[in-house]
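Comments concern the structure below.
Just follow the structure's listing: the first ligand is 1, and inside any ligand the first atom is 1. Keep in mind the model is a prediction, meaning the values are calculated, not measured.
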Amino acid sequence: MKIAVLAGGLSPEREVSLSSGTLIADALIGRGHTVALADVYIGLDGKTAPESLFGTDPIPVPKISSTEPDLEALVRSCGGRAALIGPGIIELCRAADAVFLALHGASGENGMIQASLECAGIRHFTGTGYIGALLSMDKDIAKRMMSAGGVPVPAGIRYRVGTDSPERILTEVGLPCVVKPCSCGSSVGVSRVFTEDELRAALELAAGYERYLIVEKLVTGRELTCAVLDGEALPPVEIIPKSGWYDYANKYQSGATTEICPAPLTEEQTNEIKRLALLAFESLRMEEYGRADFILSDDGRFFCLELNALPGMTPTSLLPQEAAAVGIDYASLCEKLVEMAMRK
Ligand SMILES: Nc1ncnc2c1ncn2[C@@H]1O[C@H](COP(=O)(O)OP(=O)(O)O)[C@@H](O)[C@H]1O
Ligand SMILES: [Mg+2]
């Protein structure tokens, strides 16, 4: 098959995505597919015909740095272009049998790319449609929908930068709390807050990303994640950072966290987290695959933090580890996601 892999994008998670995208492309090439990998924001150079970009040569995998990429510099290097989809990308997707969305963060996970592809008549892209992507991307909307669907979520409020006051947080949520931009990912802009000084700094940091934030009670306990693939929940993973918490650096620097799959839970707990992952998936109208993040609190209750529409897809990422636990190797997983896309 001819597969276009879209990665990068104008997102703080673009390096993670470029790394996922390259590994996906190489895995699909290894399975005999003809693949074109493109940065959805940068686009094509305008000289090469999209058709000629499909090939079978392995692509070198880029490194992920420990700090977030400079997006303003990227925009400047593209002449200040505002369009999120670069030149030639739609044509490239049209030339493909299937489009693999190896994107992370708003650019790709919030539904805009999916909607744009659908508007252009391109239906065979991997992962959920634009509705599931939008609903799961915004943590405030997602929490309301999950809660209504019977999935327990941490108590908290939506905070509007410039309108709400930090005092509201102190009275309605209290400390310790967690401040997050509504629509980021990879722990970008997320702070754990224990003092009023930290609260000020956390609000300032998150406000640098977005005007809508969520502030919720800090739940202490074990960190777990559970993926849904083709209608079934996979074995969950327990995540144990070697130091600190599961922030951006601990997510992407190799060896920074211990990940145990299947998570050492009781059978009852495993069944419960799987049930909640499927319920969260359903509540957010997700399709094909996704990954739900949880905290199992010290008093034994699961709280769903969020659902990722396009979770990390390097071979050592969480979803591929969960798939491996049921005998689906990385290349087979990549092919399975393409097969599901073809059913659209
Ligand atoms: N309410 C909470 N209590 C404790 N830790 C939290 C809470 N919310 C988020 N965290 C921590 O922040 C990390 C990122 O939060 P999450 O909601 O999963 O957003 P994202 O992964 O999209 O950045 C989590 O993996 C967890 O370590
Ligand atoms: Mg998360």
K143 bridged to E216 by N-O distance under 4.0 Å: yes
Under 4.0 Å from any heavy atom of D293, which atoms of ligand 1 are there? 18 (O)
If you scan protein heavy atoms around atom 15 (O) of ligand 1, the nearest is K180 NZ, 4.0 Å
Counting non-hydrogen protein atoms only, what is the nearest one to atom 23 (O) of ligand 1? Give residue, atom name and distance. S187 N, 2.6 Å
Taking every non-hydrogen atom, the tightest pair across P315 and L23: CD-CD1, 3.6 Å
Looking at E287 and R343, does any basic side-chain N land under 4.0 Å from a carboxylate oxygen? no
Hey, is the main chain of L74 close enough, under 3.5 Å, to the side chain of S77 for a donor-acceptor pair? yes
Judged by atom type as modelled, is there a donor-acceptor pair below 3.5 Å linking the side chain of Y159 to the main-chain atoms of D164? yes
shortest atom 5 (N) of ligand 1-to-protein heavy-atom contact is with I295 CD1, 3.9 Å
Output the list of atoms in ligand 1 that are nearer than 4.0 Å to some heavy atom of C184, sorted by atom number. 22 (O)
Are any of the side-chain nitrogens in R31 or D329 under 4.0 Å away from the carboxylate oxygens of its partner? yes
Honestly, for K251 the part within reach of ligand 1 (heavy atoms, under 4.0 Å) is side chain
Show your reasoning for whether side chain to side chain contact (heavy atoms under 4.5 Å, CB included) applies to K180 and E306. CA-CA 11 Å; K180 321 182 204 184; E306 58 148 356; 5.9 Å; no
Opening angle between OE2 in E306 and OD2 in D293, taken at the Mg ion (ligand 2), to 10 degrees: 90°
Short list, please: which atoms of ligand 1 are under 4.0 Å from a heavy atom of Y246? 25 (O), 27 (O)
Identity and distance of the protein heavy atom lying nearest atom 12 (O) of ligand 1: W245 CZ3, 3.4 Å
What atoms of ligand 1 come within less than 4.0 Å of a heavy atom belonging to P154? 1 (N)
Residue, atom and distance of the protein heavy atom nearest atom 16 (P) of ligand 1 read E306 OE2, 3.7 Å
Got a donor-acceptor contact below 3.5 angstrom from the T225 side chain to the A292 backbone? yes
Using heavy-atom distances, let me know which of R192, K139, K217, E223 sits nearest atom 26 (C) of ligand 1. E223
Whether the side chain of N110 engages the backbone of A133 through a donor-acceptor N/O pair (distance < 3.5 Å, no angle test) should be reported. no
Please report the shortest heavy-atom distance between T195 and V193, naming the atom on each side. O-CG1, 3.5 Å
What atoms of ligand 1 come within less than 4.0 Å of a heavy atom belonging to E216? 1 (N), 2 (C), 7 (C), 8 (N)
Measure the distance from atom 10 (N) of ligand 1 to every protein heavy atom, then report the residue, atom name and distance (to 0.1 Å) of the closest one. L305 CD1, 4.0 Å
In terms of atom number and element, which parts of ligand 1 are under 4.0 angstrom from non-hydrogen atoms of S186? 20 (P), 21 (O), 22 (O), 23 (O)
Find all atoms of ligand 1 within a distance of less than 4.0 Å from any non-hydrogen atom belonging to V219, and give their numbers and elements. 2 (C), 3 (N), 4 (C)
Does this structure show an ion pair linking D247 with R192, if we count only N-O contacts that are shorter than 4.0 Å? no
For atom 6 (C) of ligand 1, which protein heavy atom lies nearest, and how many Å away is it? V178 CG2, 3.9 Å
